[in-house]
> 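Starting off with a structure, shown below.
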Amino acid sequence: MSTADRVAADHARFRQWARYAHEHGDSPAIAAATVVLLRNAEAGIETLMLRKNSKIAFGGMWVFPGGRVDDSDRIGAGGTTLDDVAAARNAAAREAHEEAEIDVDPDSMVIFAHWIPPAIAPKRYATWFFAARVKDRREDEGAVKIDEGEIVEGEWMTPRACLQRHHEGEIELAPPTWVTLATLREHHSAEAALEHLKARTPRHHATRIGNSEQGPVAMWAGDGGYEANDATLGGPRHRLEMFGDGYRYVDTFEEDLGQDPARDSETPRP
């Protein structure tokens with residue numbers, strides 16, 4: 001897939017979602033959880049990326065380990081019912097083991113975001129995002145172990161390399177994945193990344209998709225076009241621009257995570 005093909009696929013996906021919503025109405029949100037697994041390597045910080053089976057939701061995309069929250073995830077010690085966040089921690093840990101045979105202590109996870117896809121999405125997962133450190137890379141380490149069911153491929157990547165591969169059309173990423181990788185790419189160690197995520201208030205992103213002359217725009221609360229679902233309106237910005245020359249996340253209230261690697265080369269950040 002070339003860069004042009006990637007752009008065309010992004011645009012076509014949102015048009016298809018809009019048609020689906022028009023024909024079927026909004027989809028209910030399903031509780032889910034994901035965990036961003038971080039480790040230190042010679043090339044810098046790495047995170048585990050998994051490619052979904054093309055026949056399931058988000059098929060073909062590269063994602064972090066995760067999935068829906070099951071009823072069993074909500075049962076605590078002595079049969080007590082856990083709250084939503086505790087259940088999500090259990091789900092994220094369980095999915096990491098099922099999808100990639102990696103064991104993570106749920107209590108060690110740092111919660112840093114909650115994402116809800118736009119109402120037009122055919123299948124919506126309201127997903128808690130966690131991050132956790134795992135053992136650093138070993139020279140003798142073999143290939144990533146995957147379940148070969150829902151997951152068909154796995155690879156440890158630096159956030160910057162993953163974003164570059166997405167820009168070049170080699171891999172597909174959903175907006176929450178892109179924004180998360182952009183958040184991580186400036187950190188040079190797993191410890192620094194986790195400290196950064198711990199220090200900030202977890203972000204809530206209820207996504208709305210608007211259109212502009214340059215391409216689709218994912219918007220979140222605070223953006224000038226969010227309430228009207230109109231990306232062309234002026235005002236403050238809290239959005240991901242998904243344009244032909246690259247992606248760019250802008251949050252005028254907090255931090256500008258900058259552009260993808262191609263656009264960075266055109267407008268260098270200080």
> How would you list, by chain and number, every residue that makes a salt bridge (charged side-chain N to carboxylate O under 4.0 Å, His left out) with Arg74, sequence neighbours excluded?
Asp84
> Applying salt bridge (charged side-chain N to carboxylate O under 4.0 Å, His left out), name anything that partners Glu46, two or more places apart in sequence or on another chain.
Arg39, Arg137
> Run the side chain to side chain donor-acceptor pair (under 3.5 Å) test against Glu153 and tell me which residues pass, sequence neighbours left out.
Arg51
> With sequence neighbours left out, write down each residue that passes side chain to side chain donor-acceptor pair (under 3.5 Å) with Arg237, or none if nothing qualifies.
none
> His238: which residues meet the side chain to side chain donor-acceptor pair (under 3.5 Å) condition with it, sequence neighbours left out?
Tyr249
> Report the residues that fulfil side-chain contact (heavy atoms from CB on, under 4.5 Å) with Ala193, sequence neighbours left out, ordered by chain and then residue number.
Leu38, Ile45, Leu184, His187
> Under the side-chain contact (heavy atoms from CB on, under 4.5 Å) rule, collect the residues that match up with Asp70, sequence neighbours excluded.
Arg68, Ser72, Asp73, Arg94
> Identify every side-chain donor-acceptor pair in residues 76-83 under 3.5 Å, counting partners at least two apart or on other chains, and give the distances.
| residue | atom | partner | partner atom | Å |
| --- | --- | --- | --- | --- |
| Thr80 | OG1 | Ala77 | O | 3.1 |
| Asp83 | OD1 | Val85 | N | 3.2 |
| Asp83 | OD1 | Ala86 | N | 2.8 |

> Taking only residues two or more places apart in sequence, or in another chain, which ones meet Arg239 in a salt bridge (charged side-chain N to carboxylate O under 4.0 Å, His left out)?
Asp223
> Would Ile116 and Tyr125 count as a side-chain contact (heavy atoms from CB on, under 4.5 Å) here? Give the steps.
CA-CA 6 Å; Ile116 301 179; Tyr125 290 94; over 6 Å; no
> Quick one: side-chain contact (heavy atoms from CB on, under 4.5 Å) partners of Lys198, sequence neighbours excluded?
Val110, Glu195
> With sequence neighbours excluded, tell me which residues meet side-chain contact (heavy atoms from CB on, under 4.5 Å) with Thr34.
Phe64, Thr127, Phe129
> Return the set of residues passing side chain to side chain donor-acceptor pair (under 3.5 Å) with His97 (not counting sequence neighbours), or none when no residue passes.
Asp103
